[in-house]
4 protein chains.
Amino acid sequence: MNRRNSIETKARILSVAEEIFSNVGFDGARVDDIAKEASVNKALIYYYFKSKDEILDTLFLNLVEDAKKMLIKCMEGTPNVCTGDNYKKLFDTYIHFITEKRNIIKVAIAESAKTKTKISVVMELGNLIINAEIENLRKKYVAQGLHFPEDRQEMLIMEFFTGLAPFFNYALYKDQWEDLYQVSEEELQEKFYQAFKKTHLRAHLL
Amino acid sequence: MNRRNSIETKARILSVAEEIFSNVGFDGARVDDIAKEASVNKALIYYYFKSKDEILDTLFLNLVEDAKKMLIKCMEGTPNVCTGDNYKKLFDTYIHFITEKRNIIKVAIAESAKTKTKISVVMELGNLIINAEIENLRKKYVAQGLHFPEDRQEMLIMEFFTGLAPFFNYALYKDQWEDLYQVSEEELQEKFYQAFKKTHLRAHLL
Amino acid sequence: MNRRNSIETKARILSVAEEIFSNVGFDGARVDDIAKEASVNKALIYYYFKSKDEILDTLFLNLVEDAKKMLIKCMEGTPNVCTGDNYKKLFDTYIHFITEKRNIIKVAIAESAKTKTKISVVMELGNLIINAEIENLRKKYVAQGLHFPEDRQEMLIMEFFTGLAPFFNYALYKDQWEDLYQVSEEELQEKFYQAFKKTHLRAHLL
Amino acid sequence: MNRRNSIETKARILSVAEEIFSNVGFDGARVDDIAKEASVNKALIYYYFKSKDEILDTLFLNLVEDAKKMLIKCMEGTPNVCTGDNYKKLFDTYIHFITEKRNIIKVAIAESAKTKTKISVVMELGNLIINAEIENLRKKYVAQGLHFPEDRQEMLIMEFFTGLAPFFNYALYKDQWEDLYQVSEEELQEKFYQAFKKTHLRAHLL
DNA sequence: AATGAATGAGTGTTCATTCAT
DNA sequence: AATGAATGAACACTCATTCAT
């Protein structure tokens with residue numbers, strides 16, 4: 001096996017781990033199962049990762065990296081977000097990211113639910129997105145010659161609990177919702193957008 | 001320890017289990033630790049509960065029961081919810097419930113994050129609350145002689161993803177938020193209310 | 001509850017224990033199950049018996065007592081055993097005893113199969129029966145003016161391994177045999193008798 | 001201990017398990033003890049066997065395999081069994097097999113004594129041997145131009161309850177008998193043969 | 001005589017991790 | 001880079017037995 005395959009192997013382990021973690025939770029996952037599913041010897045996993053924890057850490061690191069990339073692309077692509085329906089593009093980027101990464105996001109949320117936890121990835125991710133979002137807002141206010149609200153705390157809370165929370169819930173329950181209510185992915189996404197527009201976005205626009 | 005007090009002992013086990021589950025997750029929890037913390041012999045836990053799973057099930061059952069009671073009390077106490085600031089009272093009831101039960105709610109959310117899961121308690125809880133909420137809305141619309149929106153799916157999605165999601169997030173991250181941003185419980189709650197009012201509630205009122 | 005019931009209760013425990021032991025073996029049996037099946041509180045079992053072992057000991061003791069009674073009755077009832085077909089009566093008594101007691105006999109044999117065992121009940125039972133049998137034979141020889149074989153060891157071995165063994169096997173496999181080969185109890189018993197007559201009995205008569 | 005020798009290790013586990021099972025019974029045996037006695041880590045036992053049950057199943061499987069091999073060798077080596085004292089050779093093969101395998105046979109019998117049991121190994125073993133034996137007889141009858149008995153059921157019962165039973169008893173009580181009556185292995189075996197000849201064999205010969 | 005509650009020691013099994021090759 | 005074998009420390013769950021009433 002050459003280095004090419006080596007990279008591919010490590011990636012396969014990560015990919016399988018992500019799926020299994022999201023299926024049964026981190027604590028519920030077995031290294032044995034990861035090995036089996038990834039068709040590698042169990043010991044090989046320990047050749048690439050120091051421990052089961054390190055697999056999760058790597059996965060979380062990648063998630064944060066990907067979020068950053070996504071946000072950077074957003075910044076570049078959307079000079080005037082929040083002006084009317086042109087927020088839709090940003091929303092699509094977000095919802096696409098959330099949908100694609102929902103498996104590992106679910107794991108992150110589940111882990112963050114444990115009280116005994118270090119600074120959770122979800123908080124980190126939240127901060128990242130919220131700050132980007134607030135920066136967006138600031139630009140827009142400035143562009144419109146408006147006075148930007150002074151209470152940052154208030155703003156953070158609003159962004160986190162009414163702006164981000166729906167997306168987290170989307171990651172968590174998209175699949176269950178589609179199953180339970182027999183809705184197509186497109187319909188759910190569209191209606192979710194309408195709801196988000198009527199609530200959180202409404203508070204921003206104008 | 002006072003022996004021979006079946007009910008109290010069982011309650012203590014449940015209470016300790018709830019705390020430990022919320023600290024380290026269900027899979028991360030050890031029956032040994034529950035026994036130790038509850039000052040009972042481990043075997044006694046199996047005298048009261050068939051398995052570790054049954055402890056969780058009982059906890060979830062109680063949560064749903066309590067939610068029902070809370071909702072019934074809400075129904076009785078608030079004939080005209082959603083009419084202006086009198087929603088505050090309902091909000092307070094909700095936020096109080098969420099705050100008080102946040103430990104087990106966190107466990108419920110974490111468990112619901114696993115893909116391999118039967119109908120999750122969170123969905124059950126969500127349905128319960130949303131249906132109550134929608135019934136509330138309906139009454140109000142009727143009282144005002146207004147036409148009640150026809151697309152139930154749309155309404156459910158909005159309630160779940162923009163009405164409930166913030167509360168779930170509140171349960172999940174209240175403590176972490178207070179720690180991280182050094183906000184008092186009261187302040188967080190108040191600002192959360194303001195944000196909720198400006199977003200989700202705004203879409204309902206008027 | 002008066003003494004009458006007390007005796008009945010103890011008997012019920014023994015009876016249930018016998019059945020459960022024979023179903024799953026002594027080690028495989030649970031005191032809990034005995035209690036449940038006998039409809040008594042588990043602690044009550046320990047009121048009547050010092051331990052699970054004592055239940056088995058009592059059962060074995062009863063078996064030996066019953067065997068003795070059976071043998072005594074045989075002695076009285078059969079002055080000239082082994083003279084031709086009049087052995088049939090003795091055989092019937094034996095086979096009846098074996099059939100009736102087969103459950104506890106099976107337990108006794110299973111226990112005796114353990115190498116780490118004190119003098120086994122089966123050996124005790126065997127000795128009892130063999131000695132009675134040999135005494136029978138001796139009488140018959142004397143009555144016929146014949147010389148009684150001198151090698152007792154030889155005689156014991158023959159009685160135990162070709163006289164008793166078939167009966168032990170009958171206790172062990174009667175039910176399985178009937179099931180497997182779809183034979184009625186009567187047919188099996190009759191053919192067993194014919195086989196026993198052609199082999200072991202033949203060696204004794206004349 | 002020499003690591004990295006899969007086959008030898010697995011064999012050692014099996015061998016130790018066989019001994020312990022025969023000492024204290026299957027249910028009485030502790031996996032811990034097997035591990036200790038075999039000088040392997042307990043988890044290693046579960047690396048080779050799915051469960052304690054599977055160890056027993058393997059042992060039983062091996063016993064049946066060995067029995068088949070033994071029978072095949074018998075078939076080849078004895079064209080005219082049962083003709084007079086040349087049965088002795090066959091007897092020796094049997095008694096040698098029974099003696100050598102008596103430990104696992106004892107376990108098999110003890111397990112077969114449980115009512116709640118699937119088709120027992122003893123029955124399987126019994127069928128194997130009896131069928132071989134009957135085939136032997138048939139050949140002999142044919143060779144002598146005799147009419148072979150028609151009632152197969154009768155024949156099976158005779159073989160099982162008077163032909164096989166003594167050997168099972170020999171497996172079960174050989175050691176106890178030698179201890180109790182202070183007989184040497186050789187003497188017991190010889191006298192057992194004489195008894196068997198006078199009873200079961202007598203019915204076959206001529 | 002009878003019972004619900006309680007317990008210590010264990011019991012088969014699992015798991016993350018490491019070793020030797 | 002890869003693997004089969006091996007391990008220590010759990011882990012959920014069980015069981016015979018006892019206590020207090």
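Chain naming here is simple, since letters A, B, ... match the order of the sequence lines and numbering starts at 1 in each. Since the structure is predicted, the reported quantities are computational estimates derived from the model, not experimental observations.
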Atom-to-atom span, CD1 of D/Ile45 to C1' of F/dT7 - whole angstrom = 12 Å
inquiry  = Please determine whether a side-chain nitrogen or oxygen atom of D/Tyr46 lies at a distance below 4.0 Å from atom OP1 or OP2 of E/dT13.
reply    = yes
ask   = Within less than 4.0 Å of OP1 or OP2 of F/dA6, is there a side-chain N or O belonging to D/Thr9?
value = yes
request  = Would you verify whether the NZ or CZ of C/Lys106 falls within 45 degrees of the ring axis of C/Phe21 while also being under 6.0 Å from that six-membered ring's centre?
outcome  = no
inquiry  = Please identify which of these residues, C/Ile34, C/Val40, C/Ile45, meets the side-chain contact (heavy atoms from CB on, under 4.5 Å) condition with C/Val16.
reply    = C/Ile34
inquiry  = Check this for me: does the side-chain of C/Asn41 come within 3.5 Å of the base of E/dG4 through a donor and an acceptor?
reply    = yes
ask   = Just checking, any donor-acceptor pair under 3.5 angstrom between side chains of B/Ser112 and A/Tyr173?
value = yes
request  = Nearest whole angstrom, please: distance from the C1' of F/dT7 to the CD1 of D/Ile13.
outcome  = 13 Å
task = Between A/Asp53 and D/Asp53, name the one whose nearest nucleotide on DNA chain E is closer to the 5' end.
result = D/Asp53
Among E/dA5, F/dC15, F/dA1, the nucleotide that comes nearest once only the side chain of C/Arg30 is considered = F/dC15
request  = Would you tell me if any nitrogen or oxygen in the side chain of B/Ser6 comes within less than 4.0 Å of OP1 or OP2 on E/dG4?
outcome  = no
query = Is the shortest side-chain N to carboxylate O distance from B/Lys69 to B/Glu65 below 4.0 Å?
reply = no
query = If only side-chain N and O atoms of B/Tyr47 are considered, is one of them under 4.0 Å from the OP1 or OP2 phosphate oxygen of E/dA6?
reply = no
ask   = Side chain of C/Leu44: nearest nucleotide among F/dG4, E/dT3, E/dA5?
value = E/dT3
task = Mind calculating the distance between CD1 (D/Ile7) and P (F/dG4) to the nearest angstrom?
result = 14 Å
query = To the nearest Å, how far apart are D/Asp32 CG and F/dT7 P?
reply = 14 Å
request  = Measure from NZ on A/Lys50 to P on E/dT17 and round the result to the nearest Å.
outcome  = 10 Å
message = Using side-chain hydrogen bond (donor to acceptor under 3.5 Å, both in side chains), reason through A/Ser51 and A/Tyr46 one step at a time and then give a plain yes or no.
response = CA-CA 6 Å; A/Ser51 67; A/Tyr46 286 90; over 6 Å; no
request  = Report which part of the nucleic acid A/Tyr48 touches: base, sugar-phosphate, or nothing (heavy-atom distance under 4.0 Å, all strands).
outcome  = sugar-phosphate
query = Looking for any heavy atom pair under 4.0 Å, which part of the strands does C/Ala35 touch: base, sugar-phosphate only, or nothing?
reply = nothing
Whole-Å distance separating the CZ atom of D/Phe49 from the P atom of E/dT14 = 15 Å
query = Between A/Ser120 and B/Gln176, is any side-chain donor less than 3.5 angstrom from a side-chain acceptor?
reply = yes
note = Here the distance between atom P of F/dA2 and atom NZ of A/Lys36, to the nearest Å, is 19 Å
key: D/Asp27 CG - E/dG10 P separation (whole Å)   = 18 Å
query = Looking at the side chain of B/Ser51, which of E/dA5, F/dC13, E/dA16 is the nearest nucleotide?
reply = F/dC13
note = Picking from E/dA5, F/dA16, F/dA2, the nucleotide nearest the side-chain atoms of C/Lys52 would be F/dA16
task = Find which nucleotide of DNA chain F each of C/Ala43 and D/Val40 is nearest to by heavy atoms, and output the residue with the more 5' nucleotide.
result = D/Val40
key: Complementary nucleotide of F/dA20, counting Watson-Crick and G-U pairs under 3.5 Å   = E/dT3
query = Which nucleotide in the set E/dA6, F/dG8, F/dA10 lies at the smallest distance from any side-chain heavy atom of D/Lys42?
reply = F/dA10
